[in-house]
Amino acid sequence: MAHALVLIASPNGAASVSRAMLDRYLARRKVRFPDETLTIRDLTLPENALPNLSAEFITAMFLPPDARTPEQARELDVSDQLVGEFQAADTLIVATPIHNYTVPTPLKAWIDHVSRPGMTFAYIDGKRQGLAHARSAVFLLSSGGIYTSGPQEVEDFLAPYLRHMMVFFGIPDVTVLRAEGVAWDAPFAIAQAEAQIDAAI
Ligand SMILES: Cc1cc2nc3c(=O)[nH]c(=O)nc-3n(C[C@H](O)[C@H](O)[C@H](O)COP(=O)(O)O)c2cc1C
């Protein structure tokens, strides 16, 4: 049965534009794929807070599993769990705002924890290879500014970064749906996003 991992990165709770986009997207996805199961990970919940990568974590992740001390293995426990969740998914769905031109901290921490050599990527004969199981990813992005056209186009770091991370993980099919210009005209930005979602699924 198809399975999707859903990540939420907005701290804005019920007022969040990206969460509202996600609600609409998931409702439509449920109609299209009624049997698909979901794991929903709200990265902003205190119980899901992820630590920054430590020196011990980095040492441990580059050691083969059987060479790790029990302490080193424990360093990787949370990361192992997140990688397991990621690798169980056929599709990755991410709802996130832009924060300071890039990914919000909790989403960056998730990326750091699932970027594991030998598990989600590898260098084989000097060539990078993505090892993610998922074949598709959907990003629901909200931003104060407009980045797909106009003067801020050159400042669009988030979508290219997320697309690149999917290349890194080996996920070929990437869709980006956006509510843009929320700071200028929120109802218009949301209406545009809703139209994109409805056209996408
Ligand atoms: C801390 C913070 C930083 C932000 N940085 C940017 C930014 O760099 N560029 C931008 O276009 N909007 C920025 N915004 C605006 C949000 O991206 C925008 O309000 C978005 O719709 C919020 O989505 P959400 O309601 O799902 O959290 C920022 C908002 C916050 C709270």
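Atoms within a ligand are numbered from 1 in the order they appear, just like the ligands themselves. Worth saying up front: this structure is predicted, and the values here are computed from it rather than measured.
- Taking 4.0 Å as the cut-off between side-chain N and carboxylate O, K30 and D35 do not count as a salt-bridged pair.
- Among protein residues, S10, N12, S16, V17, S18, P97, I98, H99, N100, Y101, S142, S143, G144, G145, Y147, V182 come within 4.0 Å of ligand 1, judged on heavy atoms.
- Using a 4.0 Å cut-off between charged nitrogen and carboxylate oxygen, D173 and R135 do not count as a salt-bridge pair.
- Ion pairing between D42 and R19 holds under the 4.0 Å rule for side-chain N and carboxylate O.
- Shown are T39, T91, D90; of these, the side-chain hydrogen bond (donor to acceptor under 3.5 Å, both in side chains) with H3 is made only by T39.
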Return all side-chain donor-acceptor pairs below 3.5 angstrom for residues 92-102, not counting sequence neighbours, or 'none' if the list is empty.
none

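- Side-chain contact between L50 and V78 is present, with at least one heavy-atom pair separated by less than 4.5 Å.
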